[in-house]
Protein chains: 2
Amino acid sequence: MEKTLQPSSPHSVLIAHCPSRQVLDLIADKWTAMIFALLEQRPTRFNEMERAIEGISHKMLTQTLRSLEQRGIVTRTITPTIPPAVEYALSPLGVTLIPLMAALRQWAEEHMDEVEQARQAYEEKVI
Amino acid sequence: MEKTLQPSSPHSVLIAHCPSRQVLDLIADKWTAMIFALLEQRPTRFNEMERAIEGISHKMLTQTLRSLEQRGIVTRTITPTIPPAVEYALSPLGVTLIPLMAALRQWAEEHMDEVEQARQAYEEKVI
DNA sequence: CAGTATCCTACTGGATACTG
DNA sequence: CAGTATCCAGTAGGATACTG
């Protein structure tokens with residue numbers, strides 16, 4: 001025998017596109033989770049969201065909402081009064097994300113303290 | 001009565017820190033999901049991961065692994081042979097993320113085509 | 001009210017070269 | 001083998017000003 005010791009089986013495929021990666025691209029930017037947290041409660045208008053989300057800039061709110069609309073996660077409804085009223089809400093597709101976001105929240109509540117402990121333990125090891 | 005029409009109740013709190021946001025900070029960077037997909041199968045060595053993940057740079061693999069180690073998601077085990085062998089694996093905390101990543105994958109498989117359709121519908125509306 | 005448009009900075013991440 | 005160090009381009013996102 002030329003090889004007596006077999007290496008572990010190679011990972012059979014190159015990992016190029018990960019399905020979970022695609023979902024993360026949808027929801028993992030800086031503001032989407034917070035926008036989602038609002039819309040999960042009820043439809044909300046632009047300026048109200050801007051007031052409710054601490055630190056968000058005008059530009060990023062527009063940009064993130066437009067992106068979510070493009071991807072079918074939120075709907076945008078214009079009431080052509082003067083001044084116009086624009087209401088954002090979760091689309092049916094957006095609603096299917098609710099359990100996922102809930103799972104993220106739950107993991108955070110159960111485990112983020114462990115992450116924090118690990119961070120501190122690592123610090124001490126390095127210093 | 002001074003107000004006959006009540007506005008919707010204001011969102012009671014400013015949204016500043018979203019728990020789901022914190023988890024996303026852990027797992028949503030460019031490479032973590034793919035690294036996770038490997039380590040979920042079995043512990044893997046540095047160079048093997050570099051070969052398995054298409055397009056990752058040397059620097060980003062080091063950097064992402066170091067970050068995951070700091071946060072307690074992966075463990076790093078050095079066998080001091082020459083040359084040294086370094087094996088990465090999911091920590092117990094990392095293992096608790098498996099169902100979450102699975103949920104992300106499942107949502108992707110069930111709904112990413114709807115996202116794609118929405119994107120195309122939006123294009124046509126704009127043009 | 002609900003947006004665009006522009007400018008500008010800081011960070012992310014790729015390429016490349018060197019090391020125990 | 002498994003890193004670190006440096007340099008550099010592209011982009012994300014904040015501040016600000018203007019508009020239907």
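Predicted, not measured: the structure shown is a model, and the values here were computed from it. All chains are named by letter (A, B, ...) in the order of the sequence lines, taking the proteins before the strands, and each is independently numbered beginning at 1.
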In chain order, what residues pass the side-chain contact (heavy atoms from CB on, under 4.5 Å) check against B:R45, with sequence neighbours excluded? B:A85, B:E87
For A:M49 and C:dA2, give me the distance from atom CE to atom P, rounded to whole Å. 11 Å
Using a 4.0 Å cut-off on heavy atoms, which residues in residues 71-78 of chain A reach DNA chain D? List them by number, or say none. none
Kindly write out the residues that satisfy side-chain hydrogen bond (donor to acceptor under 3.5 Å, both in side chains) with B:Q117, not counting sequence neighbours, or none if the list is empty. none
ring-ring contact (aromatic ring centres under 6.0 Å, His included) partners for A:W107, two or more places apart: A:H111
Rounded to whole Å, please give me the gap between CG in B:L61 and P in D:dA5. 17 Å
Calculate the interatomic distance between A:F46 atom CZ and D:dG20 atom P; express it in whole Å. 18 Å
What distance do A:S91 atom OG and A:R71 atom CZ have between them, rounded to the nearest 0.5 Å? 13.0 Å
Calculate the interatomic distance between A:I82 atom CD1 and C:dA2 atom P; express it in whole Å. 14 Å
So, is B:Y88 near the phosphate of D:dG3, with a side-chain N or O under 4.0 Å from OP1 or OP2? yes
Per-pair distances, 0.1 Å, donor-acceptor, side chain in residues 13-25 of chain B, under 3.5 Å, sequence neighbours excluded:
{"unit_1": "B:R21", "atom_1": "NH1", "unit_2": "B:D25", "atom_2": "OD1", "d": "3.2"}
{"unit_1": "B:R21", "atom_1": "NH2", "unit_2": "A:A28", "atom_2": "O", "d": "3.1"}

Can you list the residues that meet the salt bridge (charged side-chain N to carboxylate O under 4.0 Å, His left out) rule with B:R51, with sequence neighbours excluded? none
Pairing stems for DNA chain C [at least three consecutive pairs; Watson-Crick or G-U; under 3.5 angstrom]: C:1-20 with D:1-20
Produce the list of close N/O pairs, under 3.5 Å, pairing protein atoms with atoms of nucleotides 13-16 of chain C; give distances to one decimal.
{"unit_1": "C:dG13", "atom_1": "N7", "unit_2": "B:K59", "atom_2": "NZ", "d": "3.1"}
{"unit_1": "C:dG14", "atom_1": "OP1", "unit_2": "B:K30", "atom_2": "NZ", "d": "2.4"}
{"unit_1": "C:dG14", "atom_1": "OP2", "unit_2": "B:S57", "atom_2": "OG", "d": "3.4"}
{"unit_1": "C:dG14", "atom_1": "O6", "unit_2": "B:K59", "atom_2": "NZ", "d": "2.2"}

To the nearest Å, give me how far apart CD (B:E50) and P (D:dT4) are. 13 Å
Partners meeting salt bridge (charged side-chain N to carboxylate O under 4.0 Å, His left out) with B:R66 (sequence neighbours left out): B:E69
Once you round it to whole Å, what is the distance between C1' of C:dC1 and CZ of A:R51? 10 Å
Closer than 4.0 Å, any side-chain N/O of B:R45 to the OP1 or OP2 of D:dA2? yes
Write down the distance between CZ (B:R66) and P (D:dA2), rounded to a whole number of angstrom. 12 Å
Just wondering, more than 12 heavy atoms not from B:E109 lying within 6.0 Å of its CD? yes
All salt bridge (charged side-chain N to carboxylate O under 4.0 Å, His left out) counterparts of B:R76, not counting sequence neighbours: none
Could you work out, with salt bridge (charged side-chain N to carboxylate O under 4.0 Å, His left out) as the rule, every residue matching B:E114, not counting sequence neighbours? none
For residues 58-77 of chain A, pull every pair meeting ring-ring contact (aromatic ring centres under 6.0 Å, His included), keeping only residues two or more places apart or in separate chains. A:F46-A:H58
